[in-house]
Amino acid sequence: MEEQARKGLIEKAERTHRLSPEELAALLADAEAEEELAAAADRVRHAFVGDEVHLRGLIEFSSYCRQNCLYCGLRRDNGKAQRYRLSPEEIVALAAKAKAYGYFTAVMQSGEDPWFTAERLAAIVREVKKLGLAVTLSVGERTKEEYRVLREAGADRFLLRIETTDKDIYEALDPGMSHENRFRCLADLKDLGYEVGTGCLIGLPGQTVETLARDILFFQEIDADMVGVGPLVPNEDTPLGGEQPGDMHLTRRVVAATRLLLPEANIPATTAMETLKPNAREWILRSGANVVMPNVTEGEARQKYALYPGKACVADTPEHCRVCMEGRIRALGRTVGQGAGGRRRVL
Ligand code: SAH
Ligand code: SF4
């Protein structure tokens, strides 16, 4: 792209938070746009969500999954996956530790594990809420009734990435799952008053800058409260094991463009990014992100929750991660968020 055109587009995005699919795709395709895009995203981040970085304590509570996503180590056909399921008591105990580390949110994530019925999960959510934490669930697709039971138990937020808005790519990579149902879940979650997080994977076979542009416009269209974007980290025990890792520069441009178009969103610097590039969290926190999700899972479970290999910080203790992240955030001249750090509406 011509320099003038590039500058014009970035200025327009920073000022109006709107771009056409063609304009977005042109920026995502342009490696030379990256630094200016990231700088603009950093200004918008500062103006709309401030300098606090919110830490969310991540509890990975079950590695059983009934789905078979081609990229993921927890897929049901992966005979090499090490399966575990924490007990409700263990999950609540980890949430209590998250609170003691000074986190204000517990993110409870798992494969789609039918053992955790809505009623069982709701009982856990009620206990965690008693600790005074905000609760985010990331447990995959459920019926609206199940989402309602969990919401009524006190769950505040829900993470469910659309992964890609390209129906053909989605249905090829997530066999047995329908794109319609994924959209239905996101609509139901919004309707029930959850803060809704979605997002996409970068580096899926067949994906282009045009599909990524549509992903970002979809996040904007559903008014996503949170958007998690991370590179594919190939897992050799999965059918996508032979793929190239997602491009971290393209990932950074997608994060930055997402901040420009969704100025109020909570946007994490993802673990997948840190896995591909040491200190990527800082890099992404300076390119539009304002959230980090340190892992509070302990012991064997911490190793066994292997969506992808080489997961950053897997060998560290949760205590270490807490101290490490605070230091890294301060070194950026930012502060650790004090408070639940939910979506705040400015516009
Ligand atoms: N089962 C739930 C939550 C756990 S998976 C769900 O699917 O929503 C959480 C996220 O991990 C997925 O949304 C996917 O985007 C990401 N993921 C899975 N395998 C991955 C891989 N190999 N590389 C990078 N991210 C991956
Ligand atoms: Fe299961 Fe989620 Fe992995 Fe798909 S991405 S296999 S639903 S854990």
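Counting starts at 1 for both ligands and their atoms, in listed order.
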(request) Using a strict 4.0 Å cut-off to heavy atoms of Tyr71, name the atoms of ligand 1 that fall inside it. (result) 18 (C), 19 (N), 21 (C), 22 (N)
(message) Between His54 and Tyr103, is the ring-ring contact (aromatic ring centres under 6.0 Å, His included) condition met? List the steps.
(response) CA-CA 8 Å; His54 300 290; Tyr103 300 138; over 10 Å; no
(request) Count, excluding waters, the protein N, O or S atoms that are closer to atom 4 (Fe) of ligand 2 than 2.8 Å. (result) 1
(message) Minimum distance, heavy atoms only, to atom 14 (C) of ligand 1: which one of Glu243, Arg66, Glu163, Gln67 is it?
(response) Glu163
(request) Say whether Asn78 and Arg75, considering side chains only, have a donor N or O and an acceptor N or O under 3.5 Å apart. (result) no
(message) Donor-acceptor check, side chain of Thr211 to backbone of Gln207, threshold 3.5 angstrom: yes or no?
(response) no
(message) Take a 6.0 Å sphere around CD of Glu2 and say whether it holds more than 12 heavy atoms from other residues, nucleotides or ligands.
(response) no
(request) Evaluate the 4.0 Å heavy atom contact test for atom 3 (Fe) of ligand 2: does a protein atom fall under the cut-off? (result) yes
(request) Check whether any N or O atom of Pro234, backbone or side chain, sits under 3.5 Å from an N or O atom of ligand 1, and answer yes or no. (result) no
(message) Starting from atom 11 (O) of ligand 1, what is the nearest protein heavy atom, named by residue and atom, and what distance separates them?
(response) Leu307 CD1, 3.5 Å
(request) Considering heavy atoms of the protein only, find what lies nearest to atom 16 (C) of ligand 1 and give residue, atom and distance to 0.1 Å. (result) Arg161 NH1, 3.8 Å
(request) Consider only side-chain N and O atoms of Asn290 and Arg334, and report whether a donor and an acceptor are under 3.5 Å apart. (result) no
(request) Mind checking side chain to side chain donor-acceptor pair (under 3.5 Å) for Thr143 and listing every partner two or more places apart, or none if nothing turns up? (result) Glu146
(message) Looking only at protein heavy atoms, which one is nearest to atom 9 (C) of ligand 1, and what is the separation?
(response) Gln109 NE2, 3.7 Å
(request) Determine whether the side chains of Thr297 and Asn295 contain a donor N or O and an acceptor N or O closer than 3.5 Å. (result) yes
(request) Using only heavy-atom distances, determine whether the side chains of Thr335 and Asp51 contain a donor-acceptor pair under 3.5 Å. (result) no
(message) Counting the benzene-type ring for Trp, do Phe61 and Phe116 have ring centres under 6.0 Å apart?
(response) yes
(message) Show me which atoms of ligand 1 lie under 4.0 Å from any heavy atom of Ser138.
(response) 3 (C)
(request) Report the nearest protein non-hydrogen atom to atom 20 (C) of ligand 1: residue, atom name, distance rounded to 0.1 Å. (result) Tyr308 CD2, 3.9 Å
(message) Tell me the protein heavy atom at minimum distance from atom 24 (C) of ligand 1, and give that distance in Å.
(response) Pro231 O, 3.3 Å
(request) With heavy atoms under 4.0 Å as the rule, classify the contact between Tyr305 and ligand 1 as side chain, backbone, both or neither. (result) side chain
(message) Can you confirm whether the side chains of Gln109 and Glu60 place a donor and an acceptor under 3.5 Å from each other?
(response) no
(request) Give the residue and atom name of whichever protein heavy atom lies nearest to atom 23 (N) of ligand 1, and the separation in Å to one decimal. (result) Val233 N, 3.0 Å
(request) Would you please say whether a donor-acceptor pair under 3.5 Å links the side chains of Thr105 and Arg157? (result) yes
(request) Write out the residue and atom name of the closest protein heavy atom to atom 25 (N) of ligand 1, then the distance separating them to 0.1 Å. (result) Leu201 CD2, 3.3 Å
(request) Verify the neighbour count for atom CD of Gln303: are there more than 12 heavy atoms of other residues, nucleotides or ligands below 6.0 Å? (result) yes
(message) Suppose we measure from atom 7 (O) of ligand 1 to each protein heavy atom; which comes out shortest, and what is that distance?
(response) Arg182 NH2, 4.0 Å
(request) Could you pull out, from Ser110, Gly111, Pro309, the option with a heavy atom nearest to atom 2 (C) of ligand 1? (result) Ser110
(request) Determine, using ring centers only, whether Phe183 and Phe218 are less than 6.0 Å apart. (result) yes
